[in-house]
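Below is one structure, written out as structure tokens, with a few remarks after it.
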Amino acid sequence: MPAANRPFIPFARPTIDEDMVSAVADTLRSLWITTGPQVQAFEKALSVMHNDRPTRVFTSATAALEVALLTIGVGPGDEVIMPAQTFFSCANAIMQTGATPVFVDVDPLTRNMDLQQAKAAITKRTKVLMPTHFAGHPMDMDALYQLAHENNLRVIEDAALAIGSRWQNQLIGSFGDIVSFSFHPNKNITTVEGGALTFASEDEAKVSEAFRFHGIKRLADGTRDVTVLGGKFNLSDVNARLGLLQLARLDEFIEKRHLLVERYFDRLQGSSLTLPFRGDKGHSWNFFAPLLPLDQLSIDRKALMDELQRHGIGTGISYEAVHLTSLYRQRGFREGDFPHAEAIGRSTLTLPLFPTLSLDEVDYVCDTLLQLLHHYKK
Ligand SMILES: Cc1ncc(COP(=O)(O)O)c(C=O)c1O
């Protein structure tokens, strides 16, 4: 079908059904709209799903990561090891605490943090390993936690893309140290904006509550004290109500993501694209991002994205290498520091993938992309 007859295909789109719309409307009508019973119910549902681990929700995963760091006492003078190929918010959350992000390169195949490089980056100041489960493909959890234990480090898993992902059949977030999820509309489930932490320790979950809400502690005499420098990161009941209904459909959403990704692999195999690491059933496929063969093309990525846009196809970049953004260049980072992260950052292209996408639309995306690659071949 020509593009003119097709609705535009964005690269990500949340699934919001009528039950969700009316449940949110009910919450609004209840007039209890900020943190309350729906947040409690959402935290309970997330906890039950994740092996009854203590769970708290936040206004975003960025806030959750920052609170996780503060909760375990990370601050000025501390170093946190993270991949150079992930979303900027990870580094920014570390910087907000006064600690230093220590970038390491990623494995070019899985695009997850390279643990050999992480090991080499450990110093006396290192407090935390903060890897991202890239695109929803879990890190090697045995190797990650072995490295952490051997070096007495805490782990904060950035599972923004990985709610519903499994490592050896165990849900990410149901074991390990502190695990952070995102509920941004591009993620596997959404609360519009939102995030969550699952903890190994109830005490730490309680500390995170203070950092989530102004550092406030309620006293026996009915007054409030401020005990730590907290922020304002509490999720509203309106968001949590949506989250509860989204969570109920998570398995179905991931099943559909798998079906669509299989089609992408079938259609794009053998092309000049470098396809993402396939992983196993535990991959939740938050996004599908092949690498473009830019050295074989007479068009750059931006112009190709514009061409796709003209054909009614939205694409994204997940992600630019963090250390090459101005903020981190000012701190001395340069091209050549992390070659795999940089090569991925230069050539990655996120294709449409979301549960309401059809196989026919995947075919259209693939046909169009393959035609353009052929047309612009040097
Ligand atoms: C890998 C990764 N980590 C963390 C985040 C932060 O999530 P949020 O938007 O909920 O703050 C994102 C958001 O896109 C992300 O992609």
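Both ligands and their constituent atoms are indexed starting at 1 by order of listing.
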Exercise for review: Specify whether Phe288 and Tyr264 have parallel, tilted or perpendicular ring planes, treating 30° as the upper limit for parallel and 60° as the lower limit for perpendicular.
Suggested key: parallel
Exercise for review: Using the test side-chain contact (heavy atoms from CB on, under 4.5 Å), find all partners of Thr35 that sit at least two apart in sequence or belong to another chain.
Suggested key: Val39, Asn234
Point to revise | Flag if over 12 foreign heavy atoms under 6.0 Å of CZ, Arg329 | key: yes
Ligand 1: protein N/O within less than 3.5 Å of ligand N/O:
from     : atom 1 : to     : atom 2 : distance (Å)
ligand 1 : 3 (N)  : Asp158 : OD1    : 3.2
ligand 1 : 3 (N)  : Asp158 : OD2    : 2.8
ligand 1 : 7 (O)  : Ser182 : OG     : 3.4
ligand 1 : 10 (O) : Ala61  : N      : 2.9
ligand 1 : 10 (O) : Ser182 : OG     : 2.7
ligand 1 : 11 (O) : Ala61  : N      : 3.3
ligand 1 : 11 (O) : Thr62  : N      : 2.8
ligand 1 : 11 (O) : Thr62  : OG1    : 2.5
ligand 1 : 14 (O) : Lys187 : NZ     : 2.7
ligand 1 : 16 (O) : Tyr319 : OH     : 2.7

Review point. Got a salt bridge between Glu66 and Lys232, using NZ or NE/NH1/NH2 to carboxylate O under 4.0 Å?
Key: no
Practice item. Taking atom types as modelled, find out whether Ser358 and Asp360 have a side-chain donor-acceptor pair closer than 3.5 angstrom. Key: no
Point to revise | Test item: side-chain donor near acceptor, Gln246 and Thr191, under 3.5 Å | key: no
